[in-house]
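Notes for the one structure printed next.
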Protein chains: 2
Amino acid sequence: MLTIGKLGASAGVKVPTIRYYEQIGLLPEAERSAGNQRLYSRKALDRLAFIRHARDLGFTLEAIRDLLSLSDEPDQSCAAADAIAKAQLAEVESRLVRLTALKAELERMVVQCAGGRIANCRVIEVLGNHSLCTTDHQHPEGDTPA
Amino acid sequence: MLTIGKLGASAGVKVPTIRYYEQIGLLPEAERSAGNQRLYSRKALDRLAFIRHARDLGFTLEAIRDLLSLSDEPDQSCAAADAIAKAQLAEVESRLVRLTALKAELERMVVQCAGGRIANCRVIEVLGNHSLCTTDHQHPEGDTPA
DNA sequence: ATTGAAGCTATAGTAGCTATAGCTATTAGG
DNA sequence: CCTAATAGCTATAGCTACTATAGCTTCAAT
């Protein structure tokens, strides 16, 4: 059995984050020692590593919740899991497109800055006037960064 | 003079967002009509458009605060503005790198899913076992998504 | 026995908004 | 002129996914 600190170190997750996952029901309530400290099994480590890995791939906690309950039913079709992964892929792809446009625009801004006074600064000027942009950039709002 | 609704429509910013920007001091306190409603000048529209554009390019509100105060001093050197833009570009570039790795990994997962039972689902399997990954993906944490 | 690290709970804070409740002001139509 | 719809107002709470803090207890080592 692992203490919460060891568990966190093993899975690469901070201790408060583990408690947070328990609080929101992503991890089951841990067993407790005589002194009321959480104790974790190897199975708990697997589950946490799963969560960590999915987070690294940018899945939301909601998606992870679904993936976890799917993984608890090995006989079910994996179509649902596949759909979640595909949605995440689509999300990442669309973010890549927009980020690429952003990068191009920022590069243009930075390159054009001649290093003079603010009054002539291309950075400030472009920010104040979208029509100076070449691309139709727009940031992806309201979703996870990954 | 524009009402807050017209201003928002002109700049592509929602009304509560404008009030929020005022609240955090990004926009100055608006003049008020006899009936206590906010009234905005053309100058306010320019400022809001600037903010909107910078947000679209992924700048944080903190960075925008700095850019705005720089733009208020036309005689200053634009080195600081340039530095902020360069930092944002670097941020976007590093996010692009990580997102690209994520995309590759997600594609691998999705392609390998044969559409059978969860027990054999590649998606679930890969999530549970990072060593099945080829890339060293890791999501960019704690920053704006754009 | 004592000290330091690690654990506990509960609460608040982070970014950048968005939503809600409950009110008042303005405007268009009849 | 009156009314009803729309737009505005304030204040507060909620969102994601944590992170930080305060003030306490337990544990491991010396």
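Letters A, B, ... are given to chains in the order of the sequence lines, protein chains preceding strands, and every chain is numbered from 1.
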Hydrophobic cluster of B/V97, others only, ordered by chain and residue number, side-chain cut-off 4.5 Å: none

Parallel, tilted or perpendicular, as decided by the 30° and 60° cut-offs, for the rings of A/H130 and A/H137: perpendicular

Whole-Å gap separating P (D/dG8) and OH (B/Y40): 10 Å

Minimum-distance nucleotide (side-chain atoms of B/Y20 versus C/dT18, C/dG7, D/dG8): C/dT18

Whole-Å gap separating P (D/dC9) and CZ (B/R32): 6 Å

Student check: side-chain heavy atoms of A/T134 and A/R108 closer than 4.5 Å: yes

Most 5' of A/R38 and A/Q23 on DNA chain C, judged by nearest nucleotide: A/R38

Gap between atoms NZ and P, on A/K6 and C/dA5 respectively (whole Å): 14 Å

Atom-pair distance (CD1 on B/I24; C1' on C/dT14), nearest Å: 13 Å

Can you give me the N/O atom pairs linking the protein to nucleotides 24-30 of chain D at distances under 3.5 Å, or say none if there are none?
residue	atom	partner	partner atom	Å
D/dC27	OP1	A/G35	N	3.3

Side chain to side chain donor-acceptor pair (under 3.5 Å) partners for B/D75, two or more places apart: none

DNA chain C: 5'-proximal contact among A/L39 and B/Y21 (nearest heavy atom): A/L39

Residues that A/S41 engages under side-chain contact (heavy atoms from CB on, under 4.5 Å), provided they are two or more places apart: A/M1, A/K43, A/A44

Nucleotide D/dA17, atom P - distance to CG of A/L48 in whole Å: 16 Å

Integer-rounded Å distance: D/dT16 P and A/F59 CZ: 18 Å

Length of the CD1-P vector between A/I18 and D/dA20, whole Å: 15 Å

D/dC18 phosphate, OP1 or OP2, under 4.0 Å from A/K14 side-chain N/O: no

Co-members of the apolar cluster containing B/V111 [side chain, <4.5 Å]: none

Between P of C/dC17 and CD of B/E22, the distance in whole Å: 15 Å

Below 4.0 Å: OP1/OP2 of C/dG16 and any side-chain N or O of B/T17: no

Salt bridge (charged side-chain N to carboxylate O under 4.0 Å, His left out) partners of residues 64-73 of chain A, not counting sequence neighbours, each pair once: A/R47-A/D72, A/E62-A/R65

Sugar-phosphate only, base, or nothing, as touched by A/R19 at under 4.0 Å among non-hydrogen atoms: base

